[in-house]
Asker: 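Shown below is the structure under consideration.
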Amino acid sequence: RVWETFWASIAGICVSVPVPLFLALCFRKVPIEEVLTPDEKRLQIRIWRARQGVAWSVVIILNLFIVYFSLFFVQEFTDEVFLTWLNAGWQSLFHRFLTAPMIRGGVLSLVVLFTKFGQCCDPIIILFPNIPPVGPESGPDKKEDLEGIVDIEG
């Protein structure tokens, strides 16, 4: 039974990993930095549209297959098993889109607050400098922030 689960996991990984990679490759539009002639522009737009059409076709076919598989799943098992599966799906979506981002944002907010008003989280900010929401537009080097402190003009 252990090997059956192992090979099913390997098969699941082999099936699930290429799909997002393929879709990202098809939906991605890499900016072209060189100057194109009008004919080259039209060709590039056609290539982008063709790749996007293939990607949308794959998305639609994949979703139809998932609905088809789900209908067979519903017919095969009892209502109790289906409701358990539905509950698990609802809980995973709720956690992915609501609780996980809120917990992540809360933890990062606490780290920023503790570093602002104390020293206990300074090593975290040193190791991960992208945590605090500061950039060139909001940092202490901003001209408006320095006007009252330093004579910028002269």
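Note that the structure is a prediction, hence the values are computed from the model and not measured. Along the sequence shown, the residues carry numbers beginning at 1.
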Asker: Of all the heavy-atom pairs spanning C121 and V111, show the shortest one and how long it is.
Answerer: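 Closest approach of C121 to V111: CB-O, 3.9 Å.
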
Asker: Measure the CD1-CD1 distance between I66 and I61 for me, rounded to the nearest 0.5 Å.
Answerer: 12.0 Å

Asker: Mind listing the side-chain donor-acceptor pairs of residues 71-93 below 3.5 Å, one per line with the distance, residues two or more places apart or on another chain?
Answerer:
from: T84; atom 1: OG1; to: E80; atom 2: O; distance (Å): 2.8
from: N87; atom 1: OD1; to: Q91; atom 2: NE2; distance (Å): 3.3
from: S92; atom 1: OG; to: A88; atom 2: O; distance (Å): 3.4
from: S92; atom 1: OG; to: G89; atom 2: O; distance (Å): 2.8

Asker: Scan the side chains in residues 95-102 for donor-acceptor partners under 3.5 Å anywhere in the protein, sequence neighbours excluded, and list what turns up.
Answerer:
from: H95; atom 1: ND1; to: T99; atom 2: OG1; distance (Å): 2.6
from: T99; atom 1: OG1; to: H95; atom 2: O; distance (Å): 3.2

Asker: Of all residues at least two apart in sequence or in a different chain, which pass the side chain to side chain contact (heavy atoms under 4.5 Å, CB included) check with F22?
Answerer: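 Result, side chain to side chain contact (heavy atoms under 4.5 Å, CB included) vs F22: C26, V54, V58.
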
Asker: Quick one: salt bridge (charged side-chain N to carboxylate O under 4.0 Å, His left out) pairs with a partner in residues 57-66, sequence neighbours left out?
Answerer: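 As it turns out, there is no salt bridge (charged side-chain N to carboxylate O under 4.0 Å, His left out) pair with a partner in residues 57-66 once direct neighbours are skipped.
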
Asker: What residue pairs, at least two apart or across chains, pass salt bridge (charged side-chain N to carboxylate O under 4.0 Å, His left out) with a residue in residues 22-39?
Answerer: D39-R42

Asker: In terms of hydrophobic clustering (I, L, V, M, F, W, Y; side-chain heavy atoms under 4.5 Å; direct or indirect links), are F69 and V15 co-clustered?
Answerer: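 Different clusters.
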
Asker: Quick one: side chain to side chain contact (heavy atoms under 4.5 Å, CB included) partners of V17, sequence neighbours excluded?
Answerer: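 I13, L21.
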
Asker: Would you mind listing every side-chain hydrogen bond (donor to acceptor under 3.5 Å, both in side chains) that reaches into residues 62-72, with sequence neighbours excluded?
Answerer: none

Asker: Can you name the ring pair (Phe, Tyr, Trp, His ring centres under 6.0 Å) partners of F114, sequence neighbours left out?
Answerer: none

Asker: Sequence neighbours left out, what passes ring pair (Phe, Tyr, Trp, His ring centres under 6.0 Å) with F117? Give chain and number order.
Answerer: none

Asker: What's the separation between atom CG in L108 and atom CD1 in I103, rounded to the nearest 0.5 Å?
Answerer: 12.0 Å

Asker: Can you name the residues that form a side chain to side chain contact (heavy atoms under 4.5 Å, CB included) with F6, not counting sequence neighbours?
Answerer: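 Testing F6 for side chain to side chain contact (heavy atoms under 4.5 Å, CB included), a comparison that skips the adjacent residues, returns W3, I10.
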
Asker: Scan residues 45-58 for pairs that pass salt bridge (charged side-chain N to carboxylate O under 4.0 Å, His left out), counting only residues two or more places apart or in two chains.
Answerer: none

Asker: Check whether any side-chain heavy atom of T115 sits under 4.5 Å from a side-chain heavy atom of I124, and report yes or no.
Answerer: no

Asker: Measuring from Q44:CD to L36:CG, what's the distance to the nearest 0.5 Å?
Answerer: 7.0 Å

Asker: Any side-chain heavy atom of Q52 within less than 4.5 Å of one from W48?
Answerer: no

Asker: Would you mind listing every salt bridge (charged side-chain N to carboxylate O under 4.0 Å, His left out) that reaches into residues 4-13, with sequence neighbours excluded?
Answerer: R1-E4

Asker: Quick one: CD1 on I60 to CG on L64, what's the gap to the nearest 0.5 Å?
Answerer: 7.5 Å

Asker: Same cluster for F128 and L110 if Ile/Leu/Val/Met/Phe/Trp/Tyr side chains link at under 4.5 Å?
Answerer: no

